[in-house]
Structure formats: structure tokens, C-alpha cells
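I have placed the structure first, in the form of C-alpha cells, so that the comments after it can refer back to it.
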Number of protein chains: 2
Amino acid sequence: MFELDMRSRQPIYEQLVDKLKELIISEVLKPDEQLPSVRTLAGQLTINPNTIQKAYRELETQGYIYSVKGKGSFVNPISLVENSDKLVSVIKELKKLLSEAMYLGLKPAELIELIHDLESSIGGGKNDD
Amino acid sequence: MFELDMRSRQPIYEQLVDKLKELIISEVLKPDEQLPSVRTLAGQLTINPNTIQKAYRELETQGYIYSVKGKGSFVNPISLVENSDKLVSVIKELKKLLSEAMYLGLKPAELIELIHDLESSIGGGKNDD
DNA sequence: CTAACTGTACTAATACTCGCAGTACAGTTG
DNA sequence: CAACTGTACTGCGAGTATTAGTACAGTTAG
């Protein structure tokens, strides 16, 4: 399913969170789609189920998935707009990073390009409220 | 000079790096201005000089300041445009964060606002190459 | 040169994180 | 009940992070 870098300084569970997040955001994993069970994925990746569970728990905390005891873990379809707290903190980070990037010489025009780039790759199959 | 949260999970030296970075980016600290010595600042904040030094070293590595043995640490005036490597990594982070923010419901229009906001607060006293 | 300042290097203790392992419990489904 | 699912808890071992303490090195003023 993915590749992990065991030698990386970035923890395994964190790599998992990142990759799964990407898959969810890009809608490779569809809403309500079931994720592999902690034991299955652990077997495939030959790592400890506990590590998977840690990643799943993190994703659930962040609102990307939901887990049901006895059934499995699934991609969260509602999510998102509800977690305005999260949006706020993400925007805070964003502002910090943006000011840094612009300080380093990123031109507004280049930034706009970046945004359009993302718009097309994400908004491609989304709802327009 | 600043306030530190000793109870935070974020290391002290990292808090220092963040705050100093902000001061430099916003030009509260002017180019070539001398920073407080590691011992002075450590005394003021009642923390270990080594912690300050670690923050300063990090800032130097990232190109925000330069230090001269026996003289002191100073805000780096050239900096920036030279570190294109850094710009690249910042942009990478930026893309990740942007896609997350947009997934969470951030509208492009709101993003543009953010940018204009930063433009005026940063570009206010800068060179237009 | 000396004294008092500056940054820097090294070591050490402590605390935390990460990943693994094992065990046990709880809900679902057939 | 059996076999699957997620979840909780303990402990262990290795590594890393954080801070502190101490000592060294360059600069400057007298």
C-alpha cells in the first residue's frame, strides 16, 4: 500500500499519518471507504499493529477518519468544515510559513500559481457550495 | 524581551527561534543590529545560556543571523535570496499546508486576502528588485 | 597584558519519544 | 461460539532531545 522509510528520523506512525492524509485529501481513499485493519496493515508492512493503531488514532483525532469497534476504520465523509478549530490553527501555521516564504523571496505571483495548481488537483471532484 | 512558556511541549530554544525569526522578518530587529549576548538574554529569561546559544546556532544555520566570536550575534542583512534551498523546502511545506487548508474549506479568495495582508506588513519597507 | 565581555565546544544527567511485544478487553458479524 | 474488528494497558530497549555545567577561544577597553 505504501512505502515506509525505516531509517528516516520521521517516526513510522507519522509517515503513515502523512501518507494516509494525502490519500484522503486527494480522494484516492473515498469517503466512508474502509481502511485496512490495524492487524492486516501491520502484517503487510511488517510492523507492529500498535504502530498502525497510533497512526489511526492520530488521524481520528484530527478528524480524517472514524473508527468503530468491531467494524473497522473508515474515511470520514463529513469531517472538515465542522473542525473550524483546525482550520484556524492551520491558517495560523500558513501565515507563519507564508511570511517566511515571502521573506525568502517568494513572489505573490508565484504564490498564486501554487494555489491554482492545488485548486485544479483538489477541487477537481469536489462540491461547490 | 519575550515571554516563554516553560510548560509548553515546544522546546524553549525552538520558541526562541520562532520569536526571533518573527522579529527579524518583521524588521523589528534591523539588519546588522546586535542581538543580546547569550548570557545577557539567558539572565533576563532565567534560563541556561546554552539554550540561547542553541537557538542562535539554529538561526545562524538558517541564515537569519551571523555570529562572531568575541563580538556578538547580529541580524543577517544579506541572507535570504541566497538560500534558495530553503525557499524550496519552505514551499514544499507550504504546498502541503495549503492543500490541507483548502481541503478544510479555505476559499482561494480568503487565501488571497491573507497574502495581501502579509504583503503590506512585510513588503512595506523592502527592496523592489 | 589583564579584565570583562563576546561566542563556542564538550560532557553529562535527565526526560522523553518511538517502536515493539504481549496481553486483555470489547463490539460486530456469521 | 468463532473470527474478525478496534482499543487499552503494561513494560522494555534504544535512541534522541533538552537543558545544565564547565571550560575554552576571540575581541575590546584599560
Side-chain angles (χ1 to χ4, degrees), chain A residues 1-21 24 29 32-77 79, chain B residues 1-21 24 29 32-77 79:
Chain A
M1 198 165 185
F2 348 74
E3 290 175 11
L4 296 176
D5 182 2
M6 310 303 284
R7 285 146 201 86
S8 168
R9 243 56 68 205
Q10 189 183 29
I12 296 178
Y13 84 94
E14 216 171 277
Q15 292 180 45
L16 274 170
V17 168
D18 278 358
K19 306 229 183 205
L20 286 169
K21 229 190 249 186
I24 293 173
L29 292 174
D32 282 319
E33 181 170 340
Q34 180 165 11
L35 299 172
S37 79
V38 290
R39 290 173 181 79
T40 301
L41 190 49
Q44 286 176 9
L45 300 177
T46 56
I47 59 181
N48 196 284
N50 242 322
T51 305
I52 310 288
Q53 213 261 322
K54 187 166 186 176
Y56 279 13
R57 191 196 313 150
E58 176 66 19
L59 285 168
E60 185 167 26
T61 300
Q62 291 190 27
Y64 285 91
I65 70 175
Y66 63 95
S67 298
V68 184
K69 210 184 270 188
K71 303 188 78 171
S73 299
F74 307 86
V75 176
N76 197 343
S79 57
Chain B
M1 198 165 186
F2 346 75
E3 291 175 10
L4 296 176
D5 182 3
M6 310 304 284
R7 286 145 200 86
S8 167
R9 242 54 69 205
Q10 189 183 29
I12 296 177
Y13 84 94
E14 214 173 277
Q15 292 181 46
L16 275 169
V17 169
D18 279 358
K19 305 230 182 204
L20 287 168
K21 230 191 246 185
I24 293 173
L29 292 174
D32 282 320
E33 180 172 340
Q34 182 166 10
L35 299 171
S37 79
V38 290
R39 288 173 183 79
T40 301
L41 191 49
Q44 287 176 10
L45 301 176
T46 55
I47 58 180
N48 196 284
N50 239 323
T51 306
I52 310 288
Q53 212 263 321
K54 185 164 189 176
Y56 280 12
R57 193 195 312 149
E58 177 65 19
L59 284 168
E60 185 167 26
T61 300
Q62 292 189 27
Y64 286 90
I65 71 174
Y66 62 95
S67 298
V68 184
K69 206 185 276 188
K71 303 188 80 171
S73 298
F74 309 85
V75 175
N76 197 343
S79 57

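Quantities reported herein were computed from a predicted structural model and do not represent experimental measurements. So that the names make sense, note that chain A is the first sequence line, chain B the second, and so on, each numbered from 1.
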Separation of atom CD in B:Gln15 from atom P in D:dA17, rounded to whole Å: 17 Å
A:Arg9 vs A:Glu60, nearer the 5' end of DNA chain D by closest nucleotide: A:Glu60
Distance in angstrom units between B:Tyr66 OH and C:dT8 C1', rounded: 18 Å
Side-chain N,O (B:Gln53) to OP1/OP2 (C:dT8) below 4.0 Å: yes
Separation of D:dA17 C1' from B:Tyr13 OH (nearest whole Å): 7 Å
Touch class at under 4.0 angstrom, heavy-atom based, for A:Thr46 against every strand present: nothing
Whole-Å distance separating the NZ atom of B:Lys54 from the P atom of C:dG7: 18 Å
Sugar-phosphate, base or nothing in reach of B:Gln10, heavy atoms under 4.0 Å: nothing
Sugar-phosphate, base or nothing in reach of A:Ser8, heavy atoms under 4.0 Å: nothing
Distance (rounded to the nearest 0.5 Å) between A:Thr61 OG1 and A:Tyr56 OH: 14.5 Å
Most 5' of A:Val68 and A:Glu14 on DNA chain C, judged by nearest nucleotide: A:Glu14
Backbone N/O of A:Lys71 and side chain of A:Gln34: donor-acceptor pair under 3.5 Å: yes
N or O in side chain of B:Thr51 less than 4.0 angstrom from D:dT18 OP1/OP2: no
From D:dA20, C:dC20, C:dT8, nucleotide with atom closest to B:Lys69 side chain: C:dT8
Minimum-distance nucleotide (side-chain atoms of B:Lys71 versus D:dT18, C:dG7, D:dT28): D:dT28
Interatomic distance, B:Ile52 atom CD1 to B:Leu35 atom CG [nearest 0.5 angstrom]: 10.5 Å
Value in whole Å for how far the P atom of C:dC18 lies from CZ of A:Arg57: 12 Å
Length of the CZ-C1' vector between A:Arg7 and D:dT16, whole Å: 18 Å
Gap between atoms CD and C1', on A:Glu58 and C:dC18 respectively (whole Å): 14 Å
N/O (side chain, B:Thr40) to phosphate O (OP1/OP2, C:dC5) under 4.0 Å: no
Short side-chain N/O contact from A:Ser37 to OP1 or OP2 of D:dT5, under 4.0 Å: yes
Polar side-chain atom of B:Glu58 near backbone of B:Leu16 as donor-acceptor pair, under 3.5 Å: no
Whole angstrom value for the distance that separates C1' of D:dT22 from CZ of B:Arg39: 11 Å
A:Asn50 (side chain) and C:dG22 (base): donor-acceptor pair under 3.5 Å: yes
pair A:Asp32-A:Tyr66: side-chain heavy atoms closer than 4.5 Å: yes
Presence of A:Ser67 side-chain N/O under 4.0 Å of D:dG6 phosphate oxygens OP1/OP2: no
